[in-house]
Trainee: 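This is the structure, below, for whatever I ask next.
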Amino acid sequence: TAIVLPNEALYLPALSMIPQLGIDKVNVTFGIPLKNTSVAILMSKISTMHSHARSINGDMQFRKEDVVALMAFPIVKNLDKEKAAALEQNLTKLKSLFVPSETLEIIKESKLATIFRHVEKLVNRKEVFKYILDLIDTLENGLPGEQSFDKIYIEAYRKATQDIEN
């Protein structure tokens, strides 16, 4: 069976439906830039969250809108569905623009904690690459199943990160 898409904007939605249809082998003859994948978009949002973080009275805090945006990603929720739901509920009640660290205590022992781990020195290249590679490992280990497009995208992102690092 072949699928011909008249518009490249339909590529990702069609591709994401394949696992739900029970198709286990796919031959894709159209490339997709890594920057357009869900994983790259997620990593960009995480980067934005860290760049917007502020120390308020000695407490490192992330902007609420950045945290809410990250929690909308299924790959993030799948890391710990129960804790993600609890955090989302706490964020809904939060009246401030920034998320105090005590609000994130609920995810402290969860895989979600890796995302919200504060990177002390964003200018320290080694520390930033360690954080990114830890984050990639966490995201990959949180994905269900052996085969998924997100796993392929994560591997491509890992390789690109390691190429840049070296």
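Along the sequence shown, the residues carry numbers beginning at 1. As a basis for the values below, the full set of heavy atoms in this structure was taken, side chains included, without hydrogen atoms, waters or symmetry mates. Keep in mind that this is a model prediction, so the values were computed, not measured.
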Trainee: Looking at Ala40 and Tyr157, what are the two nearest heavy atoms and their distance?
Mentor: CA-CE1, 3.8 Å
Trainee: Can you list the steps and then say if Leu70 with Ile115 is a side chain to side chain contact (heavy atoms under 4.5 Å, CB included)?
Mentor: CA-CA 9 Å; Leu70 288 177; Ile115 295 172; 3.9 Å; yes
Trainee: For the side chain of Thr48 and the backbone of Ser44, is there at least one donor-acceptor N/O pair under 3.5 Å apart?
Mentor: yes
Trainee: More than 12 heavy atoms of other residues, nucleotides or ligands under 6.0 Å from CG of Leu133: yes or no?
Mentor: yes
Trainee: When you compare the side chain of Ser38 with that of Ile75, does any pair of heavy atoms fall below 4.5 Å?
Mentor: no
Trainee: Check whether any side-chain heavy atom of Phe129 lies under 4.5 Å from a side-chain heavy atom of Ile164, and answer yes or no.
Mentor: yes
Trainee: Step by step, work out the side chain to side chain contact (heavy atoms under 4.5 Å, CB included) result for Thr92 and Val68.
Mentor: CA-CA 9 Å; Thr92 304; Val68 169; over 6 Å; no
Trainee: Donor-acceptor pair, Lys64 side chain versus Leu91 backbone, under 3.5 Å?
Mentor: yes
Trainee: Verify side chain to side chain contact (heavy atoms under 4.5 Å, CB included) between Arg54 and Phe98, making sure each step is shown before the conclusion.
Mentor: CA-CA 8 Å; Arg54 298 288 177 261; Phe98 285 84; 3.6 Å; yes
Trainee: Would the distance check show the side chain of Asp59 and the main-chain N or O of Ser101 forming a donor-acceptor pair, the cut-off being under 3.5 Å?
Mentor: yes
Trainee: As a quick check of understanding, evaluate side chain to side chain contact (heavy atoms under 4.5 Å, CB included) for Lys108 and Ile106, giving each step before the final call.
Mentor: CA-CA 6 Å; Lys108 193 169 139 185; Ile106 196 163; over 6 Å; no
Trainee: Using side-chain heavy atoms (C-beta onward) and a distance below 4.5 Å, is Leu143 in contact with Asn78?
Mentor: no
Trainee: Side chains of Ser47 and Ile132, heavy atoms from C-beta outward: is any pair under 4.5 Å?
Mentor: no
Trainee: Tell me whether Thr103 contacts the main-chain N or O of Val99 through its side chain, where contact means a donor paired with an acceptor under 3.5 Å.
Mentor: no
Trainee: Step through the shown structure and confirm whether more than 12 heavy atoms of other residues, nucleotides or ligands are within 6.0 Å of CG on Asn166.
Mentor: yes
Trainee: Is there side-chain contact between Asp66 and Lys45, with heavy atoms separated by less than 4.5 Å?
Mentor: no
Trainee: Would you say the ring centers of Tyr131 and His50 fall short of 6.0 Å from each other?
Mentor: yes
Trainee: Among Lys151, Lys111, Arg158, exactly one meets salt bridge (Lys or Arg N to Asp or Glu O under 4.0 Å) together with Glu140. Which residue is that?
Mentor: Arg158
Trainee: For residues 86-102, which residue pairs qualify under salt bridge (Lys or Arg N to Asp or Glu O under 4.0 Å), counting only residues two or more places apart or in two chains?
Mentor: Lys77-Glu88
Trainee: Thr37 versus Leu34: any side-chain heavy-atom pair under 4.5 Å?
Mentor: yes
Trainee: Could you tell me if Asp134 and Thr114 have a donor-acceptor pair between their side chains, going purely by distance under 3.5 Å?
Mentor: no
Trainee: Is the shortest heavy-atom distance from the side chain of Arg117 to the side chain of Leu135 under 4.5 Å?
Mentor: no
